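The structure under discussion appears below in the form of structure tokens.
The model shown is predicted, which means the values in this text are computed figures rather than measured ones. Heavy atoms only: backbone and side chains are in, while hydrogens, waters and symmetry mates are out. Below, read A as the first sequence line, B as the second, and so on, with proteins coming before strands; counting in each chain starts at 1.
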Amino acid sequence: MKITRFAPSPTGYLHIGGLRTALFSWLAARHSDGKFFLRIEDTDLSRNSQEALEAIIKAFDWVGLDYDGEVFYQSQRFDIYKKYIEQLLDEGKAYRCYMSREELDTLREEQMARKERTRYDGRYRDFDGTPPSGVEPVIRIKAPLDGDIVFDDGIKGEISISAEEVDDLVIARSDGTPTYNFVVAIDDALMGLSDVIRGDDHLYNTPKQIVVYEALGFTIPNFYHVAMINNEQGKKLSKRDGATDVMEYQKLGFLPEALLNFLVRLGWSHGDQEIFSIDEMIELFDPKDINKSASSYNLDKLLWLNAHYIKNMPNEKLAKMLKDYGVEIDGHDRMEMLLDATKERGKTLVELAEQIELIVNAPKEYDAKAAKKAFKGESDSILARFATLLTDWDSELHLPADYHKVLESFVETEEIGFGKIAQPLRVSLLGSMTGSGMDEIMAILGRDETIDRIKNAVDFISANKAEG
RNA sequence: GGCCCCAUCGUCUAGCGGUUAGGAUACAUGGUUUUCAUCCAUGGUACCGGAGUUCGAGUCUCCGUGGGGUCACCA
């Protein structure tokens with residue numbers, strides 16, 4: 001049973017890369033019938049924003065990731081951290097450092113001038129003299145002075161970092177508030193996490209946190225450091241690369257299941273399988289199978305997945321989702337026919353909405369090229385006769401198949417090829433040369449609207465003939 | 001710069017010492033569709049370089065190259 005968490009800081013929207021680590025953590029928990037927690041890292045009071053927090057929760061909600069229990073807020077747990085700071089101070093595992101920011105800056109500059117690695121020199125580590133006045137101390141934890149800090153990363157294998165690389169890190173600021181690496185270690189331990197799955201950028205935090213774990217005698221969890229997602233050029237993903245905010249994907253007409261399917265395949269695979277339902281992901285996911293190397297974001301693949309999920313989604317559900325994109329469809333049969341006729345023609349819900357608008361709204365103008373090609377020769381009289389046939393048709397006209405019979409009968413009595421009527425008809429009804437099948441469109445429009453649109457086209461052709 | 005990590009078609013990836021290096025996407029061509037899309041078929045394209053180890057290396061080791069991460073009283 002795995003207990004995992006996602007721990008964003010409320011400083012901005014939920015990033016697409018963040019969503020992937022959240023998904024991995026969530027899957028690991030759900031796969032093992034464990035727990036998945038959401039924890040907000042808001043120890044830096046000056047950087048938090050309520051909007052960011054709400055945006056993150058909203059994104060979770062949209063993609064359908066749930067979390068166990070209530071959301072944890074580190075800002076509400078300061079008492080807990082304080083207790084541990086005092087404990088470490090009492091045990092001599094942490095100490096007050098009276099070095100001012102200015103002194104620290106000076107030290108760093110000197111070190112840089114000497115081309116040394118910048119680091120704290122430990123000057124207050126064993127200090128027992130009289131502290132300088134007027135300086136509010138920070139509290140530092142004693143990190144090991146020699147040896148290596150070693151841990152087994154579930155993805156990358158054994159990671160060994162020399163103790164010399166790890167400073168006596170500040171666990172409490174001079175204003176008394178605790179710092180990131182300290183509270184993360186405490187909360188991860190207190191929340192009983194078995195597995196910490198996080199971005200690669202946290203790899204170097206791990207030894208620091210291990211120092212805290214060991215000082216406090218906590219059990220160290222399994223760590224998994226997931227490589228980053230790069231842009232299509234293989235560089236770091238930035239806002240310039242288009243959508244990085246999860247909620248932008250909703251605006252762009254992506255389905256949560258497509259986005260999740262896309263993300264789960266970035267750095268993880270199960271043989272040759274490409275399509276994964278949420279249930280399949282849960283069933284098959286194991287963090288041990290996550291790849292070591294970084295992967296690149298590829299919009300084409302996401303678009304393909306999205307198209308796949310749109311095509312295979314029940315019409316009823318699709319219709320419901322389309323309301324957010326300004327599409328309201330009246331009547332059950334009409335909705336079914338409309339979506340059957342269009343859902344294979346849109347890669348996103350936005351495109352699908354456009355396809356629907358194209359049918360629902362009578363053409364305001366005819367595409368010039370299409371009109372030139374289709375509205376020539378005898379097209380006006382052919383269309384007129386077809387309208388007459390529709391008007392006089394005395395069996396039921398409801399389903400596409402009904403209209404197909406009309407079309408067939410027309411072609412037969414007129415002794416013309418299918419294209420002779422289909423192309424002018426298409427342009428009459430849609431204004432363009434491409435789109436769904438004629439049978440479907442006529443069924444959606446109904447007899448009256450179909451005849452109206454044909455008559456408009458006939459008028460248009462006649463007017464043009466008179467002019468030309 | 002120090003430290004750490006990574007490296008198979010353009011992209012996502014399979015591979016886990018012996019394969020004609022597989023799949024997906026994208027692309028091209030053909031078929032189906034009156035059109036478009038869908039769908040189906042076919043095709044081209046990859047093991048970063050160099051040394052080892054081995055009868056045999058995409059797979060193991062080392063070096064190089066390239067890319068990434070990180071070096072805060074941010075998270």
Side-chain angles (χ1 to χ4, degrees), chain A residues 7-12 41-44 46-48 74 97 99-101 104-105 108 112 115-120 136-140 153 155-157 159-162 164-167 169-181 183-184 199-207 225 227-228 230 232-236 262 265-275 291-305 307-308 311 341-347 351 355 370 373-374 407 411 417-423 425-427 430 432-438:
Chain A
S9 61
T11 51
E41 314 255 298
D42 52 357
T43 51
D44 188 342
S46 62
R47 285 167 45 120
N48 299 334
Q74 293 189 318
C97 171
M99 202 171 179
S100 67
R101 275 172 211 259
L104 240 181
D105 288 343
R108 286 208 184 99
M112 274 195 276
K115 296 202 169 173
E116 289 173 9
R117 192 177 74 80
T118 58
R119 64 170 304 175
Y120 173 63
E136 281 301 321
V138 299
I139 297 168
R140 289 184 184 268
D153 189 280
I155 294 169
K156 296 178 187 293
I159 306 283
S160 172
I161 288 160
S162 164
E164 287 175 25
E165 299 289 325
V166 181
D167 281 358
L169 68 126
V170 173
I171 59 173
R173 303 182 181 90
S174 42
D175 66 1
T177 56
T179 59
Y180 174 74
N181 283 115
V183 298
V184 166
D200 218 350
D201 47 337
H202 286 284
L203 191 71
Y204 252 67
N205 288 326
T206 307
H225 291 97
M228 308 275 92
N230 296 137
E232 308 206 34
Q233 287 73 240
K235 301 289 179 190
K236 193 178 176 181
F262 171 69
R265 285 286 289 103
L266 247 36
W268 178 82
S269 61
H270 178 75
D272 286 340
Q273 191 170 344
E274 295 287 348
I275 306 291
N291 278 179
K292 291 176 174 182
S293 51
S295 39
S296 290
Y297 174 95
N298 181 228
L299 185 64
D300 280 332
K301 192 118 183 204
L302 174 57
L303 246 13
W304 170 73
L305 279 164
H308 170 87
K311 271 184 301 207
T342 52
K343 68 204 264 191
E344 284 175 0
R345 271 165 254 267
K347 285 185 187 296
E351 282 180 16
Q355 289 291 328
K373 221 174 165 187
L407 222 34
V411 169
F418 224 74
K420 274 269 192 261
I421 176 64
Q423 293 211 335
L425 184 58
R426 169 176 305 283
V427 180
L430 298 179
S432 88
M433 200 84 108
T434 62
S436 310
M438 288 296 94

* To do: Give the C-alpha distance, both sets of side-chain angles, the deciding distance and a yes or no for salt bridge (charged side-chain N to carboxylate O under 4.0 Å, His left out) between R119(A) and E164(A).
  => CA-CA 9 Å; R119(A) 64 170 304 175; E164(A) 287 175 25; 5.7 Å; no
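For K292(A) and C6(B), the shortest distance from a side-chain N or O to OP1 or OP2 is below 4.0 Å. An OP1 or OP2 oxygen of U13(B) is reached within less than 4.0 angstrom by a side-chain nitrogen or oxygen of S295(A). Listed pair R345(A) / U33(B) fails the phosphate criterion, with no side-chain N or O lying under 4.0 Å from OP1 or OP2. Residue K347(A) has no polar side-chain atom (N or O) positioned under 4.0 Å from OP1 or OP2 of A37(B). Side-chain nitrogen and oxygen atoms of S269(A) include at least one within less than 4.0 Å of the OP1 or OP2 phosphate oxygen of A14(B). Listed pair T179(A) / A72(B) fails the phosphate criterion, with no side-chain N or O lying under 4.0 Å from OP1 or OP2. Within the structure, a side-chain polar atom (N or O) of R108(A) is placed less than 4.0 Å from OP1 or OP2 of C73(B).
For the side-chain hydrogen bond (donor to acceptor under 3.5 Å, both in side chains) criterion with H225(A), the lone passing option out of N205(A), D200(A), D153(A) is D153(A).
C73(B) atom P lies 9 Å from atom CG of D105(A), rounded to whole Å. One interatomic measurement links the two molecules: CG of D200(A) to C1' of U70(B), which rounds to 10 Å at whole-angstrom precision. Distance CD (Q74(A)) to P (A75(B)): 9 Å, rounded to an integer number of Å. L299(A) has its CG atom 15 Å from the P atom of U25(B), to the nearest Å. Distance N291(A) CG to C12(B) C1': 10 Å, rounded to the nearest Å. Between the OH atom of Y204(A) and the C1' atom of A72(B) there is a distance of 16 Å, given to the nearest Å. We find that NE2 of H308(A) is positioned 19 Å from P of G23(B), with the value rounded to whole Å. E165(A) places its CD atom 11 Å from the P atom of G2(B), with the value rounded to the nearest Å.
Between N291(A) and S293(A), the side chains place no donor N or O within less than 3.5 Å of an acceptor N or O (distance only, hydrogens not considered).
Distance noted for atom P between U11(B) and U53(B): 33 Å (whole Å). Separating the C1' atom of U59(B) from that of A14(B) is a span of 13 Å, rounded to the nearest Å. Separating the P atom of U61(B) from that of C6(B) is a span of 11 Å, rounded to the nearest Å. Taking atom C1' in both U19(B) and U8(B), one finds a spacing of 14 Å when rounded to whole Å. The separation of G58(B) from G18(B), taken at their P atoms, amounts to 10 Å, rounded to a whole angstrom. A51(B) and C9(B) have their C1' atoms separated by 27 Å, given to the nearest Å. Taking atom P in both C36(B) and A28(B), one finds a spacing of 14 Å when rounded to whole Å. U25(B) and C62(B) have their C1' atoms separated by 37 Å, with the value rounded to a whole Å.
Comparing C6(B), C12(B), A72(B) by their closest approach to the side chain of R265(A) singles out C12(B). Ranking C73(B), U38(B), C5(B) by closeness to the I159(A) side chain, first place goes to C5(B). The side chain of I161(A) lies closest to C4(B) when the candidates are U34(B), C4(B), A75(B). Nearest nucleotide to the side chain of K311(A), out of C39(B), C4(B), C36(B): C39(B). Here C73(B) is the nucleotide among G69(B), C73(B), G23(B) with the atom lying nearest to any side-chain atom of V170(A). Comparing C36(B), U34(B), A14(B) by their nearest atom to the side chain of F418(A) picks out U34(B).
At a cut-off of 3.5 angstrom, the base of A26(B) holds no donor-acceptor pair with the side chain of N298(A). Counting atom types as modelled, E116(A) pairs no side-chain N or O with a base atom of G2(B) as donor and acceptor under 3.5 Å. Between the base of C12(B) and the side chain of K301(A) there is a donor-acceptor pair shorter than 3.5 Å. Side chain D272(A) to base G22(B): a donor-acceptor pair is found below 3.5 Å. Residue side chain S174(A) reaches the base of C73(B) through a donor-acceptor N/O pair under 3.5 Å, judged by distance alone.
Pairing for G66(B) is with C6(B), a Watson-Crick or G-U wobble pair whose two hydrogen-bonding atom distances lie under 3.5 Å. Look at G18(B): its Watson-Crick or wobble partner, with both distances under 3.5 angstrom, is C55(B). If you check A28(B) for Watson-Crick or wobble pairing at under 3.5 angstrom, you find it paired to U42(B). Remark: A72(B) base-pairs with no nucleotide; criterion is Watson-Crick or G-U wobble with both hydrogen-bond distances under 3.5 Å.
Residue order along RNA chain B, read from the 5' end via each residue's closest nucleotide, puts G271(A) first among H202(A) and G271(A). Each of V138(A) and S160(A) was matched to the nucleotide of RNA chain B holding its nearest heavy atom; the match closer to the 5' end belongs to S160(A).
Contacts of S9(A) with the nucleic acid, taken as non-hydrogen atoms under 4.0 Å apart, involve only primed sugar atoms and P, OP1 or OP2. If you check every strand for non-hydrogen atoms under 4.0 Å, T43(A) touches sugar and phosphate atoms only. Counting any heavy atom pair closer than 4.0 Å across all strands shown, G199(A) reaches no nucleic acid atom. E41(A) comes within contact range of the sugar-phosphate backbone alone, with a heavy-atom separation under 4.0 Å but no base atom that close. Across all strands, M112(A) comes closer than 4.0 Å to no nucleic acid atom at all (heavy-atom distances).
Residue V427(A) comes nearest to A374(A) through the heavy atom pair CG2-CB, 3.6 Å, listed as atom of the first residue, atom of the second, then distance. Scanning both residues, A227(A) and K292(A), for their nearest heavy atoms gives CB-O, 3.4 Å.
Between Y120(A) and L169(A), every side-chain heavy-atom pair lies at or beyond the 4.5 Å cut-off.
In this structure, H308(A) and W304(A) have tilted ring planes: the angle between them lies in the 30° to 60° band.
A donor-acceptor pair under 3.5 Å is absent between the side-chain atoms of R173(A) and the main chain of V138(A), judged by distance alone. Looking at T179(A), its side chain does come within 3.5 Å of a backbone N or O of V170(A) through a donor-acceptor pair.
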